[in-house]
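Reviewing the structure listed below.
Atom set for the values below is all heavy atoms of this structure, side chains included, hydrogens, waters and symmetry mates excluded.
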Amino acid sequence: MDAYDLDRMERMRTGCIPPSLVTHLLERGHAREVERQAGRGEWFCAREWARLLDQRGQRDEALKVLAPYVATGWWPAAQVQAELLESGELAAEAITLVRPYAAKGGQPLEFLARLLARNGHADEAVTRLSAGIDDPVLARALVDLSGEAGRDDEVAALLAARIPAGHQCADPWCCRGLGPEDAIGLLATIRERQGRVDEAIALLRTRQITSVNNRDQLADLLARHDRIDELRTYARTDGLGHGRRRLAELLEEREDVEGAIAVYQDTAGSFEQAHGDIELAQLLARHGRFDEAIDVMRALVDSSGAEDWTVGTLCTLYADRGHAQEGLAYLDSLDVRHDGTEPWEFFQSRLGLLAACGRFDEAIEQARAHPESDGLHAVWTISHLLAEHGRVEDAVAVLEPRADTYRHQLASHLIELGRIQEAVPLLQQPAVGPEPPQWNGALFQDPPF
């Protein structure tokens, strides 16, 4: 083995046994196969086998499993070894192991800093991270640890220096490294931790976008500090709808379900209505009000036109309510057929409803007769439906002609059937395509990463 092959395995998950199927092998009682493959260069097998040995109190054996991988100089293997050392109260050895990797910066430096902080060296962790503050991930780690080291004011000053007055990014790649928007968010985190909540709110109000990964930092801050009137005002102006959702979540947490419902009803006629209606339907369903949820979704589909994602949500509600037959009748009423055929995007909702009605064989028969039954999505749906209803052999037969495309799913079914000698070689077949560039252990900064 070498670092390049291991790196490709880690990032591409091709030509190897991926983590989910290593877990599947262990769950199905094939630990010996995982152990055997760990000794043959299968990184994900080695990682899980080492962790399993460690849990059994066999730390020396676990470290031996990792040794040939660590010897390649590949960072992820060293990281796992460091984790095992720390869990065995050998933090000093873990720190010594990680230091050379951290010299490159990036993820190894973040790991070292958090390792240092967990083991009484928070001041050194902050000093090291401060030098890499232009990396957004290292900057977030720095903010996480600066309070413990008593250096919040120092880090706040570093962040403030990266917020030029009046600057607005023209595009996502305007500012390399830690841009002003990220710096504002991190500075607001420190100010909130210091109890300067008004200052944190004022900072976040200067950002163009406060939502990241489907969460809104300003909305979350207002909710944490019970600033419900301000959150309500913000929710009305937040174009992405994340503020509205956080307000509804807060009201639901307080058992004010009617108040949460009213929040979503306020979006009627707005650009966000479709997403708001789906969130409202999900809220109603969580509280057992399925009929109202179905009414909300039917009104949305009828007013905005049938789209597969909204129709799919509606059909799921029908099935969950135990009214699958009504769902089928509603699908029949939709004007989505072309040349007498229901497009697969809508037809797959019909399959679930037929199965919920106990008409599973009919569902499979109709699926196989559909003109798009050989399409990639259709093959996956049919095989999944078969496996879900205990017909794993039939699911395998559906996938075998498309083994290259559905290699992981097919292998999972073969493992379920105990056909390990077929599943493992299938997964280890090399992928076809261009070789990716080798990762050097640092975080990507260039577009589009």
Side-chain angles (χ1 to χ4, degrees), residues 11 75 79 98-99 101-118 121-221 224 238 240 242 437 439-449:
R11 292 188 294 117
W75 160 243
Q79 178 180 336
V98 172
R99 283 190 190 280
Y101 294 91
K104 295 181 179 180
Q107 290 178 351
L109 176 54
E110 180 195 7
F111 182 89
L112 174 62
R114 295 187 186 277
L115 174 63
L116 288 166
R118 285 194 300 270
H121 304 287
D123 194 63
E124 180 186 349
V126 170
T127 297
R128 284 178 170 272
L129 289 171
S130 295
I133 194 172
D134 283 328
D135 185 319
V137 173
L138 296 182
R140 283 192 288 273
L142 176 61
V143 169
D144 288 344
L145 302 177
S146 61
E148 182 181 345
R151 296 171 64 177
D152 269 348
D153 286 334
E154 175 189 336
V155 173
L158 291 174
L159 291 167
R162 284 160 175 77
I163 307 173
H167 175 76
Q168 290 188 343
C169 289
D171 59 69
W173 312 114
C174 174
C175 295
R176 304 295 292 268
L178 184 71
E181 295 279 301
D182 288 334
I184 290 170
L186 293 172
L187 180 56
T189 297
I190 291 178
R191 295 308 184 213
E192 181 188 7
R193 188 163 64 213
Q194 293 175 320
R196 298 158 65 173
V197 177
D198 288 337
E199 189 175 340
I201 291 171
L203 277 165
L204 290 176
R205 290 191 185 280
T206 68
R207 293 176 70 179
Q208 292 178 286
I209 298 176
T210 59
S211 293
V212 178
N213 295 329
N214 211 31
R215 298 299 302 185
D216 187 289
Q217 186 178 356
L218 176 55
D220 286 339
L221 188 153
R224 278 194 298 274
D238 170 32
L240 295 176
H242 298 157
W439 180 59
N440 63 6
L443 298 172
F444 289 110
Q445 294 295 333
D446 294 329
F449 302 103

How far apart are the closest heavy atoms of [X] and [Y], and which atoms are they?
X: Leu221; Y: Ala200; answer: CD1-CB, 3.8 Å
X: Leu218; Y: Leu204; answer: CA-CD1, 3.7 Å
X: His242; Y: Ser211; answer: ND1-OG, 2.8 Å
X: Ile163; Y: Pro180; answer: CG1-O, 4.4 Å
X: Leu178; Y: Asp182; answer: CD1-CB, 3.5 Å

Nearest 0.5 Å, what's the [atom1]-[atom2] distance between [X] and [Y]?
X: Asp216; Y: Asp238; atom1: CG; atom2: CG; result: 5.5 Å
X: Gln217; Y: Leu186; atom1: CD; atom2: CG; result: 7.5 Å
X: Asp220; Y: Glu192; atom1: CG; atom2: CD; result: 9.5 Å
X: Arg162; Y: Ile133; atom1: CZ; atom2: CD1; result: 4.5 Å
X: Ile190; Y: Glu199; atom1: CD1; atom2: CD; result: 11.0 Å
X: Leu203; Y: Asp198; atom1: CG; atom2: CG; result: 11.0 Å

Original post:
Residues in side-chain hydrogen bond (donor to acceptor under 3.5 Å, both in side chains) with Asp144, at least two apart?
Top reply: Arg114
Original post:
Who pairs with Ser146 by side-chain hydrogen bond (donor to acceptor under 3.5 Å, both in side chains), at least two apart in sequence or on another chain?
Top reply: Asp152, Arg193
**OP:** Start with the C-alpha gap between Lys104 and Leu109, add the side-chain angles, then the distance that decides, and say whether side chain to side chain contact (heavy atoms under 4.5 Å, CB included) holds.
**Re:** CA-CA 7 Å; Lys104 295 181 179 180; Leu109 176 54; over 6 Å; no
I want to check something: taking the side chain as every heavy atom from C-beta on, are [X] and [Y] in contact at a cut-off of under 4.5 Å?
X: Leu129; Y: Val155; result: no
X: Arg128; Y: Arg99; result: yes
X: Tyr101; Y: Phe111; result: no
X: Arg224; Y: Val197; result: no
X: Leu159; Y: Val143; result: yes

Original post:
Taking atom types as modelled and ignoring hydrogens, do the side chains of Thr189 and Arg140 form a donor-acceptor contact shorter than 3.5 angstrom?
Top reply: no
Original post:
For the side chain of Arg207 and the backbone of Glu181, is there at least one donor-acceptor N/O pair under 3.5 Å apart?
Top reply: yes
